[in-house]
Amino acid sequence: MAAAARTCKDLRRVEESAPCRLIGGLIAAAALTLSGPASAQLAGNLALQSDFRLRGVSVSDLRPTLALTLGDDFANGVYLGGSAIGQDPSHGGPRMLGHMEYLGFAARRRNGVAWDVGVNNQDLSVHARPPIRVRYSEAYFGVSDGDISGRLYISPNYMRPGVSVAYLELNRVWRVETDWRFAGHVGVFQPLTGTSGTTVRRTRLDGRFDVVRRLGPVELDLGLTAASPAAQPEPRRSRPGFVLAATAFF
């Protein structure tokens, strides 16, 4: 928690510590509501990335970011968390890129298959030409079996009222050794209704392949990612590129 306070203090130039207050309030409220017989497992991580991509598209202008994430898993299946993300833009000093939150419920069956449902929220400021506010909420449903998982997301008001979209993702992990693994991801972004006259008009595919090395409480990740067709209005943000990340868990 001390690390969270220091990080938000360093990145408060634009939005002060609003994301940290939002995340802290969310976790505190859930802890009070769900405390009692359900035991919690509070965890967090600090991730430094060379580029922050959301479904294959860079929202950090192909620049480095630092993200603080806090999450809680309760014994009754409820889980929640959030991230505050800062970036190093090409001009000016460090600033807040935005924040993300999620709240869900997960259950596992005796045969090992697990499922979860929940909602999440994204609020990111993309310095494109013109500037874009990536702000929307989604409901999702997911299923996993061992190292294979999939999720379907539905957003009824994607970046503006009346625009609805869906996103389907499939993920696979290959564990080659105790501290080494490969990870693959394929996603499909599908506009549904209300997209006439907007840039959200075409189906878009994205993919990513990662090589991950675990070193104690730290993970190093090298990923290759891309999206097609190119996202508008700046196609360069979705071109194929490598993303290097270092994540410290606590």
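We're numbering straight along the sequence, starting at 1. Note that the structure is a prediction, hence the values are computed from the model and not measured.
If you check the side chains of Ser149 and Ser144, you find no donor sitting under 3.5 Å from an acceptor. Thr193 and Ser164 are linked by a side-chain donor-acceptor pair at a separation below 3.5 angstrom, with hydrogens and angles left out of the test. If you check the side chains of Ser60 and Gln87, you find no donor sitting under 3.5 Å from an acceptor. With 3.5 Å as the limit, one finds no donor-acceptor pair spanning the side chains of His185 and Asp210.
When atom types are taken as modelled, the side chain of Asp88 and the backbone of Pro64 share no donor-acceptor pair closer than 3.5 angstrom.
Glu169 has no carboxylate O lying under 4.0 Å from a charged side-chain N of Arg208, or vice versa, which leaves the two without a salt bridge. Salt bridge Asp179/Arg213: present, at least one basic N to carboxylate O contact under 4.0 Å. Between Asp123 and Arg133 there is a salt bridge, with a side-chain nitrogen of the basic residue lying less than 4.0 Å from a carboxylate oxygen of the acidic one. For the pair Arg236 and Asp61, the salt-bridge criterion is met [side-chain N within less than 4.0 Å of a carboxylate O].
Rounded to the nearest 0.5 Å, atoms CD1 (Ile85) and CD (Gln49) are 8.5 Å apart. Considering CG of Leu70 and CG of Leu80, their distance stands at 10.0 Å, rounded to 0.5 Å. Atom OG of Ser238 and atom CG of Leu54 lie 12.0 Å apart (nearest 0.5 Å). Expressed to the nearest 0.5 Å, how far CG of Asn45 lies from OG1 of Thr247 amounts to 5.5 Å. Note that CG of Leu124 is 7.5 Å distant from OH of Tyr136, once rounded to the nearest 0.5 Å.
Alongside Trp180, the hydrophobic cluster contains Trp174, Val176, Phe182, Phe209, Val211 (criterion: ILVMFWY side chains under 4.5 Å).
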Between Tyr167 and Phe189, is a ring pair (Phe, Tyr, Trp, His ring centres under 6.0 Å) present by the stated rule, with each step listed?
CA-CA 5 Å; Tyr167 183 78; Phe189 174 87; 7.0 Å; no
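Around CZ of Arg135, the count of heavy atoms belonging to other residues, nucleotides or ligands within 6.0 Å does not exceed 12.
Taking the ring axis of Tyr153 as reference, the NZ or CZ atom of Arg55 stays within 45° of it and closer than 6.0 Å to the ring centre. A cation-pi geometry, defined here as NZ or CZ lying under 6.0 Å from the six-membered ring centre and within 45° of its normal, holds between Arg214 and Phe249.
Each salt bridge (charged side-chain N to carboxylate O under 4.0 Å, His left out) pair with one or both residues in residues 150-168, not counting sequence neighbours, appears once here: Asp116-Arg151.
Taking every heavy atom of both residues into account, Val243 and Asp51 meet most closely at CG1-O, 3.4 Å.
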